[in-house]
Amino acid sequence: QVQLVESGGGLVQAGGSLRLSCAVSGRTLSYYPMGWFRQAPGKEREFVAALNWNGGNTYYVDSVKGRFTISRDNAKNTVYLQMNSLKPEDTAVYYCAAGSNLQGVVDNYGIDYWGKGTLVTVSS
């Protein structure tokens, strides 16, 4: 059974940084595109970032471009989200996801696996 487990969330002041990790277990997803989504209180889940199997192609929502960086280490079966210059509006539960098609991950229609999320709170 495939499991995606996020970690690294927490409370940080505006302007600070956090690095989220998503560890995959159960099988290797080295050839799967993977991504990060987030859901703020009272809002729908939204796409944040995604990358293809080797990290050569990356996508970001406009609101995080230049501040967030997605990466992966296939040897460790782990995907990361480095978040810098955090803002209060980045406060949300962050979810890791994997799908068989990169555009499907970006558009949130081809997700095969979801993690349970990790909470990021940015104080002003």
Side-chain angles (χ1 to χ4, degrees):
Q1 182 178 356
V2 176
Q3 284 192 315
L4 278 61
V5 179
E6 301 93 337
S7 62
L11 174 64
V12 64
Q13 289 189 330
S17 298
L18 284 174
R19 188 175 84 153
L20 305 183
S21 299
C22 172
V24 180
S25 63
R27 61 170 284 194
T28 181
L29 296 182
S30 298
Y31 291 100
Y32 271 66
M34 297 192 68
W36 289 93
F37 290 75
R38 65 186 179 187
Q39 187 167 17
K43 295 187 177 181
E44 293 188 354
R45 189 173 299 188
E46 68 166 348
F47 167 78
V48 175
L51 78 175
N52 70 333
W53 73 275
N54 66 357
N57 288 331
T58 57
Y59 290 87
Y60 297 92
V61 68
D62 285 347
S63 59
V64 308
K65 285 180 180 177
R67 301 188 298 123
F68 291 11
T69 303
I70 188 171
S71 62
R72 67 191 299 164
D73 184 338
N74 286 336
K76 296 182 178 180
N77 232 5
T78 302
V79 177
Y80 305 97
L81 185 68
Q82 178 66 44
M83 305 186 297
N84 298 329
S85 302
L86 282 161
K87 304 176 181 180
E89 51 264 43
D90 295 318
T91 294
V93 177
Y94 283 71
Y95 298 90
C96 179
S100 57
N101 175 273
L102 180 57
Q103 194 61 51
V105 173
V106 172
D107 294 339
N108 193 11
Y109 71 77
I111 304 296
D112 294 322
Y113 306 103
W114 286 101
K116 293 185 177 181
T118 185
L119 176 62
V120 172
T121 304
V122 184
S123 63
S124 57

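Hydrogens, waters and symmetry mates are skipped; everything else that's a heavy atom, side chains included, is used.
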Check: Checking salt bridge (Lys or Arg N to Asp or Glu O under 4.0 Å) for the pair Lys65/Asp62: CA distance, chi angles, key distance, verdict?
Finding: CA-CA 5 Å; Lys65 285 180 180 177; Asp62 285 347; 3.0 Å; yes

Next item on the list: For Tyr109, look at atom OH and say whether over 12 heavy atoms of other residues, nucleotides or ligands are found less than 6.0 Å away.
Entry: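 Atom OH in Tyr109 is packed in, count exceeds 12.
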
How long is the span from the [atom1] atom in [X] to the [atom2] atom in [Y], to the nearest 0.5 Å?
X: Ser100; Y: Tyr32; atom1: OG; atom2: OH; answer: 6.0 Å
X: Gln39; Y: Glu44; atom1: CD; atom2: CD; answer: 8.0 Å
X: Ser30; Y: Arg72; atom1: OG; atom2: CZ; answer: 6.5 Å

Mind listing the closest non-hydrogen atom pair of [X] and [Y] along with its distance?
X: Thr91; Y: Val122; answer: OG1-N, 2.9 Å
X: Ser17; Y: Asn84; answer: OG-OD1, 2.9 Å
X: Tyr113; Y: Ile111; answer: O-CG2, 3.3 Å
X: Ser124; Y: Ala14; answer: CA-CB, 4.4 Å
X: Cys96; Y: Leu4; answer: SG-CD2, 3.6 Å
X: Thr78; Y: Ser21; answer: CG2-CB, 4.3 Å

Checklist line | Worked verdict on Val48 versus Val64 for side-chain contact (heavy atoms from CB on, under 4.5 Å) | finding: CA-CA 7 Å; Val48 175; Val64 308; 4.2 Å; yes

Item checked: Chi angles and distances behind the side-chain contact (heavy atoms from CB on, under 4.5 Å) call for Val12, Met83 -> CA-CA 11 Å; Val12 64; Met83 305 186 297; over 6 Å; no

In the single-linkage hydrophobic clustering (I, L, V, M, F, W, Y; side-chain heavy atoms under 4.5 Å), do [X] and [Y] co-cluster?
X: Met34; Y: Tyr80; value: no
X: Leu119; Y: Trp114; value: yes
X: Val5; Y: Trp36; value: no

Note to self: Is there a side-chain contact (heavy atoms from CB on, under 4.5 Å) between Val2 and Asp112? Walk through the geometry before answering.
What the structure shows: CA-CA 10 Å; Val2 176; Asp112 294 322; over 6 Å; no

Next item on the list: Look at the aromatic rings of Phe47 and Phe37 and report parallel, tilted or perpendicular, splitting at 30° and 60°.
Entry: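 Because their plane-to-plane angle is over 60°, the rings of Phe47 and Phe37 count as perpendicular.
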
Next item on the list: Applying salt bridge (charged side-chain N to carboxylate O under 4.0 Å, His left out), name anything that partners Glu89, two or more places apart in sequence or on another chain.
Entry: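 Scan of Glu89 (salt bridge (charged side-chain N to carboxylate O under 4.0 Å, His left out), adjacent residues dropped) gives none.
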
Compile the donor-acceptor pairs under 3.5 Å between side chains in residues 52-59 and protein atoms, sequence neighbours left out, one pair per line.
from  : atom 1 : to    : atom 2 : distance (Å)
Asn52 : OD1    : Gly55 : N      : 3.1
Asn52 : OD1    : Gly56 : N      : 2.8
Asn52 : OD1    : Asn57 : N      : 2.9
Asn52 : ND2    : Asn54 : OD1    : 3.0
Asn54 : OD1    : Gly56 : N      : 2.9

Next item on the list: Say whether, by atom type as modelled, one donor and one acceptor occur between the side chain of Tyr60 and the main chain of Ile70 under 3.5 angstrom.
Entry: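 Between the backbone of Ile70 and the side chain of Tyr60 there is a qualifying donor-acceptor contact (under 3.5 Å).
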
Next item on the list: State whether Glu6 and Lys116 are salt-bridged, where the test is any N-O pair (Lys NZ or Arg NE/NH1/NH2 against Asp/Glu carboxylate O) under 4.0 Å.
Entry: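 A salt bridge is absent here (no side-chain N lies under 4.0 Å from a carboxylate O).
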
Item checked: Partner of Thr118 under side chain to side chain contact (heavy atoms under 4.5 Å, CB included), chosen from Leu20, Leu18, Leu81, Val93 ->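 When Leu20, Leu18, Leu81, Val93 are each tested with Thr118, the side chain to side chain contact (heavy atoms under 4.5 Å, CB included) holds only for Leu20.
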
